[in-house]
Amino acid sequence: MLDPKFLRNDIEETAKKLASRGFVLDVELINQLEERRKTLQVETETLQSQRNTRSKEIGMAAKRGEDIAPLRAEMGKLGEDLDAAKEEFTALAEQIKQASYAVPNVPHESVPVGNDEDENVEISTWGTPKEFNFDVKDHVDLGEALGGLDFKSAVKISGSRFIVMQGQIAKLHRALAQYMLNLHTNHHGYTEMYVPLLVNADSLYGTTQLPKFGDDLFNTKPATEEGIGMSLIPSAEVPLTNMSRDMIYDESELPVRITAHTPCFRSEAGSYGRDTRGLIRQHQFDKVELVQIVHPEKSFEALEEITKHAEQVLKNLELPYRKVVLCTGDMGFSATKTYDLEVWVPAQKTYREISSCSNVGDFQARRLQARFRAAGAKKPELVHTLNGSGLAVGRTLVAVLENYQLEDGRIEIPAVLQHYMGGLTHIG
RNA sequence: GGUGGGGUGGCCGAGUGGCCGAAGGCGCUCCCCUGCUAAGGGAGUAACGGGUUUAUAGCCUGUUCGAGGGUUCGAAUCCCUCCUCCACCGCCA
């Protein structure tokens, strides 16, 4: 969530920034609620203060052995007034809280203004899409022909948007995840984590999946009711970032760099008909996630870095890709700035998202109460959090199958993966 | 699943209805003393929110002793529910 002060002291400016990402802030309403909140809170706290004072007096009178009964009687009215004020205040505070939960993060000034994905700006491209002198097949045809992708079984077992992989392709999928994890832990300074795949509602609030995006989650029970039910993670971002919940780091502990390879589960509500063919959009997919917890002054530096770490995977796999910066209108709810990496998908003759790297600023940290104490400082400050996919494993498999296909339907194995495949150079 | 015992400030640990936001210790900060990286003495040291303010300074004030609810003029202290940790037993991948 945003700093409440933005909504109190600088609401016009904040509204302007939010408008750039297509969010209409109801300035009128918020000002009105805030006005009421202020008077009501002062009123309530004054009554509270009176009650505290009077109660202490009663306590002292009792100690002196005086008769308390009349003093007590006086408290009746005060108590009623206080209860009434409290009740109204609590309701109002809840209303303001809910309203503020709905407000997305403010885009960084370097983010291009635009309405939707068509206005994202390409930063760079790497590699050249290979010229095939035969008709390319897509990964579905390739995978099925090789007996490695089994959509039929997946439908039987679970439904659409699931996959069964088999044999060398299952192994290649595993090799990709292993390779990524090794790269990030051995060369990029991340610590490997094994984390829960089911998380509680507090965690989902912490990373802002709740309360707005509950529909995207698979829940074991309603996750919005506190304390009951858990949800399957939509990304390892949730468990990894929630590691820092209620933490006060020593400045010297920053940055925290952690990574995990996990399955991710998404309901894909609202994407009916999109990418129905193949592995691009699944209810369950694997991802290697990168998370950094950093000093607030270093988060944009860290965004460049985390993106480079993700890019390195594509470079080492020799997969052509491009890097775009998302425009204000296409950014996720919690991001201040996001780079997407898009890998070349030959059968679609286009670049498709394979990684998304975001600087979330203090937006999650505020809900998480994730802080650090600067050396010598008395007050802790909010950290900044970042997350990036490094990479989505299922989509990487798609890219490898399609980019490395041969005319006879076999798949060449990228050089860096061959020893993960027992020295195998081809599948098929 | 059963029985028993816990969850208090950065950490350890007192506190069973009224100056307790919380003794004491450790750690940390500052000062003093001390002729040799030891020891001693003194002072300070929670977070979050609101109001006021140029102010993240001060002042006023509220909340917080695992979470939520209740009893009471008043709750860290009593009652209820939940979460969680530890020990032993049972079961088990």
Side-chain angles (χ1 to χ4, degrees), chain A residues 1-10 30-31 33-97 99-101 194 196-206 220-231 242-254 295-297 362 365-383:
Chain A
M1 62 191 286
L2 287 181
D3 190 335
K5 288 191 173 71
F6 287 177
L7 297 180
R8 287 186 196 136
N9 307 334
D10 209 10
I30 298 210
N31 279 340
L33 291 175
E34 268 302 316
E35 194 70 18
R36 182 78 189 118
R37 189 222 96 230
K38 196 192 270 195
T39 53
L40 198 52
Q41 182 163 357
V42 170
E43 210 176 293
T44 307
E45 288 184 359
T46 306
L47 288 170
Q48 186 73 257
S49 168
Q50 284 171 10
R51 194 200 68 180
N52 290 345
T53 313
R54 302 290 284 149
S55 288
K56 265 181 190 166
E57 286 169 8
I58 292 179
M60 289 191 287
K63 226 168 200 177
R64 291 192 299 265
E66 295 168 15
D67 181 18
I68 307 180
L71 289 168
R72 270 199 196 168
E74 277 176 43
M75 295 291 281
K77 175 82 168 71
L78 183 62
E80 280 169 32
D81 290 350
L82 179 59
D83 284 346
K86 250 187 188 166
E87 194 176 331
E88 195 187 342
F89 176 70
T90 307
L92 184 65
E94 181 61 24
Q95 196 183 347
I96 292 173
K97 191 170 98 176
S100 73
Y101 273 176
Y194 172 87
L197 306 181
L198 283 166
V199 295
N200 58 32
D202 282 347
S203 292
L204 292 162
Y205 275 99
T220 56
K221 282 184 192 172
T224 44
E225 293 176 56
E226 252 182 21
I228 53 170
M230 293 199 281
S231 304
N242 271 282
M243 294 279 301
S244 65
R245 176 143 47 92
D246 296 323
M247 292 277 278
I248 298 179
Y249 292 97
D250 196 273
E251 189 172 11
S252 63
E253 295 175 271
L254 301 179
H295 190 288
E297 284 167 17
D362 62 14
R366 185 167 294 105
R367 282 204 205 167
L368 291 166
Q369 283 303 299
R371 295 170 292 171
F372 78 101
R373 203 185 306 270
K378 46 189 188 314
K379 287 212 167 193
E381 284 179 66
L382 294 173
V383 297

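Please read all numbers here as calculations on a predicted model, not as lab measurements. Naming convention: chains lettered A, B, ... in sequence-line order (proteins, then strands); numbering from 1 in each chain.
- Remark: U56(B) base-pairs with no nucleotide; criterion is Watson-Crick or G-U wobble with both hydrogen-bond distances under 3.5 Å.
- Rounded to an integer number of Å, the gap from Phe372(A) CZ to A47(B) C1' is 16 Å.
- Taking side-chain N and O atoms only, Arg371(A) has a distance below 4.0 Å to OP1 or OP2 of C48(B).
- Taking atom P in both G44(B) and U8(B), the straight-line distance is 26 Å, to the nearest Å.
- Taking the nucleotide of RNA chain B with the nearest heavy atom to each of Met75(A) and Glu34(A), the more 5' of the two is matched to Glu34(A).
- Between Leu7(A) and Ile30(A), the closest heavy-atom pair is O-CG2, 4.1 Å.
- Rounded to whole Å, atom P of G51(B) lies 7 Å from atom CD of Gln41(A).
- Here the separation of U84(B) from G42(B), taken at their C1' atoms, is 42 Å to the nearest Å.
- The separation between Asn200(A) atom CG and C82(B) atom P is 18 Å, rounded to whole Å.
- Put simply, Asn52(A) has a side-chain N or O that comes within less than 4.0 Å of OP1 or OP2 on G62(B).
- With a cut-off of 3.5 Å on both pairing distances, C92(B) has no Watson-Crick or G-U wobble partner at all.
- Nearest-nucleotide mapping onto RNA chain B: of Gln369(A) and Arg51(A), the residue sitting toward the 5' end is Gln369(A).
- Pairing of G4(B), defined by two Watson-Crick or G-U wobble distances under 3.5 Å, is identified with C86(B).
- With both pairing distances under 3.5 Å, C65(B) is matched to nothing as a Watson-Crick or G-U wobble pair.
- Looking at Asn200(A) and Ser203(A), their side chains come closer than 4.5 Å, going by heavy atoms from C-beta outward.
- Nucleotide U34(B) forms no Watson-Crick or G-U wobble pair with any nucleotide shown, as no partner meets the under 3.5 Å limit on both distances.
- Two residues are said to be in side-chain contact when any heavy atoms from C-beta on lie closer than 4.5 Å; Glu34(A) and Ile96(A) meet this criterion.
- Of the side-chain N and O atoms in Ser49(A), one or more sit less than 4.0 angstrom from OP1 or OP2 of G62(B).
- A 3.5 Å limit on both hydrogen-bonding distances identifies G27(B) as the Watson-Crick or G-U partner of U45(B).
- If you measure from atom CD1 of Ile248(A) to atom P of C28(B), you get 18 Å, rounded to the nearest angstrom.
- When the P atom is used for both C65(B) and A76(B), the distance is 7 Å, rounded to whole Å.
- One interatomic measurement links the two molecules: CG of Leu40(A) to P of G62(B), which rounds to 16 Å at whole-angstrom precision.
- Side-chain N/O atoms of Gln48(A) include one lying less than 4.0 angstrom from OP1 or OP2 on U63(B).
- Side-chain contact between Asp362(A) and Val383(A): absent, with no pair of heavy atoms (C-beta onward) separated by less than 4.5 Å.
- Remark: the separation of the P atoms in C19(B) and U81(B) is 29 Å, to the nearest Å.
- Separation of the P atoms belonging to C20(B) and C28(B) is 29 Å when rounded to the nearest angstrom.
- Distance CD1 (Ile58(A)) to C1' (G17(B)): 14 Å, rounded to an integer number of Å.
- Atoms NZ (Lys56(A)) and C1' (U61(B)) sit 12 Å apart, rounded to a whole Å.
- In this model, a side-chain donor or acceptor of Glu45(A) finds a partner on the base of G49(B) within 3.5 Å.
- Taking 4.5 Å as the limit, every side-chain heavy atom of Arg36(A) sits out of range of all side-chain heavy atoms of Leu33(A).
- Between the CD atom of Glu87(A) and the C1' atom of G69(B) there is a distance of 15 Å, given to the nearest Å.
- Taking CG of Leu382(A) as the reference point, atom CZ of Arg366(A) lies at 5.5 Å (rounded to 0.5 Å).
- U45(B) and G21(B) have their P atoms separated by 16 Å, given to the nearest Å.
- OP1 or OP2 of G51(B) lies within a sub-4.0 Å distance of a side-chain N or O belonging to Arg37(A).
- For the C1' atoms, the distance from G41(B) to U34(B) is 11 Å, rounded to whole Å.
- For A75(B), there is no paired base (Watson-Crick or G-U wobble, both distances below 3.5 Å).
- Between Arg367(A) and Tyr205(A), the closest side-chain pair of non-hydrogen atoms falls below 4.5 Å.
- On the P atoms, U77(B) is 26 Å away from G2(B), given to the nearest whole Å.
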